[in-house]
**Student:** 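Have a look at this one.
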Amino acid sequence: MKLKKNQIFFLLFLIAGTIYVALTNNDSNGGKQSKETRKFTEKIFGTIMNVTYTCPEDLHDTIMICLQGVDASLSMFNPNSTISRINRNETDTLDQHLLNILPMALSISEDTDGAFDISVAPLVNAWGFGFKSQNLPTDAQVDSLRALVDYKSICIENGLIKKQIPNMIIDLSAIAKGYGTDQVANLLLERGVKDFLVEIGGEIVCRGNNPKGEAWHVGINTPVEQSSAFENEVHKIIDIHDRAMATSGNYRNYYIDENGRKLSHTIDPKTGYPVRHSLLSSTVLAPSCAMADAYATSFMVMGLDKAKEIVMRNNNLQAYFIYTENDSTGNFQTWNNLDLAQ
Ligand code: ADP
Ligand code: MG
């Protein structure tokens, strides 16, 4: 939930026939329900949100108020948020958003054998992401910071959070964008909206059909670096029906250190080091966007083989992975268990 300098929302969503027209919006049309497709773009959580929905009522302000509530709970970059106050040990009382998100985050940590860990922040910061530190950490510093990282030391009891390691910092960045996307989707569903697509920084929830009455078509980007001529090139377009989708990739959010090492913002909590392997991009479809977001990050941590295992044993998950066998060839390979119309 921060303004990431080099983050462009790397997953374009392509809406077939991107023409947003008021279909019928006339009170004198024989009592027919008026129907209007609306679209807006806003900045939120340090990234860009796009919402397209069919509804007679303009829900822009209601959606923004809903997301400000999420930010006030989950943002590490808002010093007054509940999570910031918990991190400073000023409170242990959880609000509703945290009561929703924390059990899910902890169960994904269990399912991924700790690849996903919301207590990884001290390492994220040490490696120059999050709240930046000046120098990269030494091996000894990485080792000592790892002592602060252990999701098993977090437990939730009667609406309170207990941290067995008092200096532990909880960072929900890898799940909060997806959760915020779910919150907007839930709001639209509560208002009776049947056709919508909500996208926050590449994390997507859609329901029903696009304005042309078709499935929503969304693009998975080619995992190329920002300076490349193929930046934002779409690798694959897929149709999604009533699902959430999130993509994690280490080809955008990284920097090169003075030794020429490429340091990604995804940290392996077990080693304490930024991950580095053949998986370039992990797109996950799941019933909720929070879940898709967290698993997409976890898969970048664990790499292709373990990620495939988890997808295959979890009926709720589908994935599209882009990887390279050998960095020097630059050829992409893909693996997926989506029901793709070829
Ligand atoms: P991506 O789109 O690449 O998944 P996200 O913003 O969703 O990016 O998640 C990356 C952020 O998650 C990092 O900036 C860091 O704050 C946090 N993070 C890094 N490694 C982990 C991890 N192993 N488990 C949970 N959160 C992590
Ligand atoms: Mg993520």
Side-chain angles (χ1 to χ4, degrees), residues 1-11 44-48 74-77 83 87 101-102 104-132 145-146 148-151 154 168-182 199-204 220-221 223 226 244-255 263-277 279-284 286 288-303 306-307 319 321-322:
M1 310 267 270
K2 62 184 167 163
L3 194 57
K4 290 169 182 165
K5 256 192 279 169
N6 60 354
Q7 183 180 51
I8 298 175
F9 60 108
F10 53 80
L11 193 132
I44 189 80
F45 305 160
T47 184
I48 308 288
L74 306 184
S75 174
M76 283 184 86
F77 299 90
I83 201 66
N87 283 337
I101 205 172
L102 284 172
M104 191 193 305
L106 296 175
S107 90
I108 293 173
S109 297
E110 281 292 323
D111 193 41
T112 60
D113 191 24
F116 185 75
D117 194 323
I118 55 171
S119 65
V120 79
L123 290 164
V124 173
N125 295 339
W127 284 107
F129 300 96
F131 297 98
K132 294 200 188 284
L145 289 173
R146 275 173 52 214
L148 294 173
V149 178
D150 181 9
Y151 72 91
I154 302 167
M168 176 173 261
I169 303 171
I170 295 170
D171 170 7
L172 297 160
S173 306
I175 187 170
K177 260 188 296 162
Y179 177 80
T181 312
D182 286 330
E199 183 255 43
I200 303 181
E203 325 303 22
I204 292 173
I220 298 171
N221 263 17
Q226 216 169 330
M245 171 171 138
T247 296
S248 201
N250 285 331
Y251 52 99
R252 287 286 159 80
N253 234 314
Y254 69 90
Y255 64 90
L263 301 177
S264 82
H265 75 153
T266 309
I267 310 293
D268 184 340
K270 294 215 172 80
T271 63
Y273 287 80
V275 294
R276 195 180 160 75
H277 46 60
L279 187 55
L280 301 173
S281 146
S282 138
T283 294
V284 176
S288 81
C289 202
M291 194 173 166
D293 194 5
Y295 274 104
T297 296
S298 313
F299 293 156
M300 292 310 295
V301 173
M302 61 181 67
K306 282 192 190 159
F321 296 132
I322 306 178

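None of the values given here were measured: they were computed from a predicted structure. Note that ligands are numbered from 1 as they come in the structure, with each ligand's atoms numbered from 1 the same way.
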**Student:** Identify, by atom number and element, the atoms of ligand 1 in contact range of A115, meaning under 4.0 Å from any of its heavy atoms.
**Tutor:** 22 (C), 23 (N), 24 (N)
**Student:** Hey, could you give me the CZ/OG distance between F77 and S173, rounded to the nearest 0.5 Å?
**Tutor:** 5.0 Å
**Student:** Please identify which atoms of ligand 1 are closer than 4.0 Å to at least one heavy atom of F116.
**Tutor:** 24 (N), 25 (C)
**Student:** Ignoring hydrogens, what is the shortest heavy-atom contact between L279 and G303? Give both atom names and the distance.
**Tutor:** CD2-C, 4.1 Å
**Student:** By side-chain hydrogen bond (donor to acceptor under 3.5 Å, both in side chains), which residues pair with S109, not counting sequence neighbours?
**Tutor:** none
**Student:** When you compare ligand 1 with T266, is there at least one nitrogen or oxygen pair between them that comes in under 3.5 angstrom?
**Tutor:** no
**Student:** State which residues pass ring pair (Phe, Tyr, Trp, His ring centres under 6.0 Å) with F116; sequence neighbours excluded, sorted by chain then number.
**Tutor:** none
**Student:** Provide the number and element of each atom of ligand 1 under 4.0 Å from a heavy atom of P269.
**Tutor:** 23 (N)
**Student:** Taking only heavy atoms of G249, which atoms of ligand 1 are found under 4.0 Å from at least one of them?
**Tutor:** 3 (O)
**Student:** State the CG-CD1 distance between N125 and I169, to the nearest 0.5 angstrom.
**Tutor:** 6.0 Å
**Student:** How far does OG of S281 sit from CG of N221, to the nearest 0.5 angstrom?
**Tutor:** 8.5 Å
**Student:** For T247 and ligand 1, answer yes if some heavy atom of the residue is under 4.0 Å from a ligand atom, otherwise no.
**Tutor:** yes
**Student:** Any N or O on I267 sitting closer than 3.5 Å to an N or O of ligand 1?
**Tutor:** yes
**Student:** Say whether, by atom type as modelled, one donor and one acceptor occur between the side chain of E203 and the main chain of T247 under 3.5 angstrom.
**Tutor:** yes
**Student:** Taking only non-hydrogen atoms of F129, do any sit less than 4.0 angstrom from ligand 1?
**Tutor:** no
**Student:** Does even one non-hydrogen atom of A296 get within less than 4.0 Å of ligand 1?
**Tutor:** no
**Student:** Between D171, I267, L148, which is the residue that forms a side-chain contact (heavy atoms from CB on, under 4.5 Å) with P122?
**Tutor:** L148
**Student:** Which atom names give the shortest non-hydrogen contact between I118 and A105, and what distance separates them?
**Tutor:** CG2-CB, 3.9 Å
**Student:** Nearest 0.5 Å please: distance from the NZ atom of K306 over to the OG atom of S298.
**Tutor:** 12.0 Å
**Student:** Polar-atom distance check: V301 versus ligand 1, any N or O pair below 3.5 Å?
**Tutor:** no
**Student:** Inside 2.8 Å of the Mg ion (ligand 2) but strictly below it, how many protein N/O/S atoms are present?
**Tutor:** 2
**Student:** State the atoms of ligand 1, each with its element, that fall below the 4.0 Å cut-off from a heavy-atom position in T297.
**Tutor:** 4 (O), 7 (O), 9 (O)
**Student:** Any idea which atoms of ligand 1 are less than 4.0 Å away from a heavy-atom of D171?
**Tutor:** 15 (C), 16 (O), 17 (C)
**Student:** Return the orientation label for the Y273 and W127 ring planes: parallel under 30°, perpendicular over 60°, tilted otherwise.
**Tutor:** tilted
**Student:** Where the side chain of D117 meets the backbone of Y151, is there a donor-acceptor pair that is under 3.5 Å apart?
**Tutor:** yes
**Student:** Quick one: salt bridge (charged side-chain N to carboxylate O under 4.0 Å, His left out) pairs with a partner in residues 264-275, sequence neighbours left out?
**Tutor:** D113-K270
**Student:** Should you measure from each heavy atom of D293, which atoms of ligand 1 turn up under 4.0 Å away?
**Tutor:** 7 (O)
**Student:** Which atoms of ligand 1 are found less than 4.0 Å from any heavy atom of V124?
**Tutor:** 15 (C), 16 (O), 19 (C)
